[in-house]
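Okay, structure first, notes after.
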Amino acid sequence: MSSFDEMDVKQAGTSLDALVRAFNLRISDLRELVIARNLYPGTCVTDLSAIDTSLTAMELQVQAIKDRLREEADAIPKAKKLIEASLKQQRKLQNMSSYVPSALSQRTAAMDSKPEESKLDVDFSHYKLHEDAAALPKEKKGRQSPPLRYITVEELDFVPTYMKGRLTLEKINAAITDMAAYAEANAHLLSASRKKMTETTWERALELRDIAMNEGLKGKHFFLENDIKGPSLKLDNTGKAILTVLRHLGRISETRIRHHRVIVLLKPQPG
């Protein structure tokens, strides 16, 4: 007989011994149950019924726990996807916020703290462009706001170093906010009623209307070089460099009408 046959015989013998022991143990348990039933014939059935009821209740509780655990396990992948989507949205918002100048962010935060005063349109009234200018009226229905096209980090990276120098994204986008304010103020003057203007403001409005009649300016938002008075954009070396970069990136164009240097805010070109 080979060694493998001997091992099979030993395993079979071991299994048979275990089966006999289990069978004898079961017989012993049944004998004890019979003795217990004969000793307490009046109460054994009631006790066994109570035990059975308790066991059934426990089984139901265990099954409910298993079902709950299964539901939680099934919800984990959905929760992971939701977290991933939230993190992706957070990164996108952080990326977008890096393009917004701090001055506009602070004004937006102030508007959020006073919801009853918040408006969809940007209020440029805090920019004092002319000392004698009258209070600007509300924007008329149907007239579009100036294009507010902030630049991105990627766009600034493509600008030649000799052109941008030490300009930062923050400075350039703050200047874009200023330019939109200049153009908005001029648009108000172009559409304002004579009755609401002082004599000085009326002369200024007539001058702007004469410039706006130029064929290349119809339907466009513009401001004049002498409108540039801050707070971020000024007629210094930094301001001139900013204008150069924005011309390069297609945000503005320039033209000369008589003795005025006119800067036009360009809308995005259709793709």
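Because the structure is predicted, anything quoted here is derived from the model rather than measured.
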Check your understanding: Do His260 and Glu207 get their side chains close enough for a donor-acceptor pair, meaning under 3.5 Å?
Key -> yes
Here the pair of heavy atoms bringing Leu190 nearest to Ala205 is CD2-O, 4.4 Å
Donor-acceptor pair, Asn186 side chain versus Phe222 backbone, under 3.5 Å? yes
Between Thr238 and Lys234, is there a donor-acceptor pair closer than 3.5 Å when you use the side chain of the first and the backbone of the second? no
(Q) Under 4.0 Å between a side-chain nitrogen and a carboxylate oxygen: does that hold for Asp210 and Arg258? (A) yes
Residues pairing under side chain to side chain donor-acceptor pair (under 3.5 Å) where one sits in residues 157-166, two or more places apart or in two chains, turn out to be none
Between the NE2 atom in His221 and the CD1 atom in Ile252, the distance rounded to the nearest 0.5 Å is 15.5 Å
When every non-hydrogen atom of Ala174 is compared with those of Ser232, the smallest separation belongs to CB-OG, 3.5 Å
Shortest non-hydrogen pair, Leu156 vs Leu169, comes out as CD2-N, 3.7 Å
When rounded to the nearest 0.5 Å, the distance separating OG1 of Thr168 from CD of Glu170 is 6.5 Å
Would you mind writing out the side-chain donor-acceptor pairs for residues 240-251 within the sub-3.5 Å range, not counting sequence neighbours?
residue	atom	partner	partner atom	Å
Thr244	OG1	Lys240	O	3.0
Thr244	OG1	Arg247	NH2	3.3
Arg247	NH1	Glu254	OE2	2.4
Arg251	NE	Arg149	O	2.9
Arg251	NH1	Glu155	OE2	3.2
Arg251	NH1	Leu249	O	3.3
Arg251	NH2	Tyr150	O	3.1
Arg251	NH2	Glu155	OE1	2.7
Arg251	NH2	Glu155	OE2	3.1

In the structure I gave you, are the side-chain heavy atoms of Met179 and Leu233 within less than 4.5 Å of one another anywhere? yes
For this session: Examine Val153 and Ile172 and state if one hydrophobic cluster contains both, with Ile, Leu, Val, Met, Phe, Trp and Tyr joined whenever side-chain heavy atoms are less than 4.5 Å apart.
Result: yes
Between the CD1 atom in Ile263 and the CG atom in Leu266, the distance rounded to the nearest 0.5 Å is 11.5 Å
CG (Leu265) and NZ (Lys267) are apart, to the nearest 0.5 Å, by 10.5 Å
So CD1 of Ile257 and CG of Asn214: to nearest 0.5 Å the spacing works out to 4.0 Å
Here the pair of heavy atoms bringing Ala192 nearest to Arg209 is O-NH2, 3.0 Å
For residues 74-88, please give each side-chain donor-acceptor pair under 3.5 Å, one per line with the distance, not counting sequence neighbours.
residue	atom	partner	partner atom	Å
Ser86	OG	Leu82	O	2.9

Phe223 and Ile228 have their tightest heavy-atom pair at CE1-CG1, 3.8 Å
In this structure, NE2 of His259 is separated from CG of Asn226 (nearest 0.5 Å) by 7.5 Å
- Message: Please check this pair: side chain of Asp227 against backbone of Tyr182, looking for a donor-acceptor N/O pair closer than 3.5 Å.
- Response: no
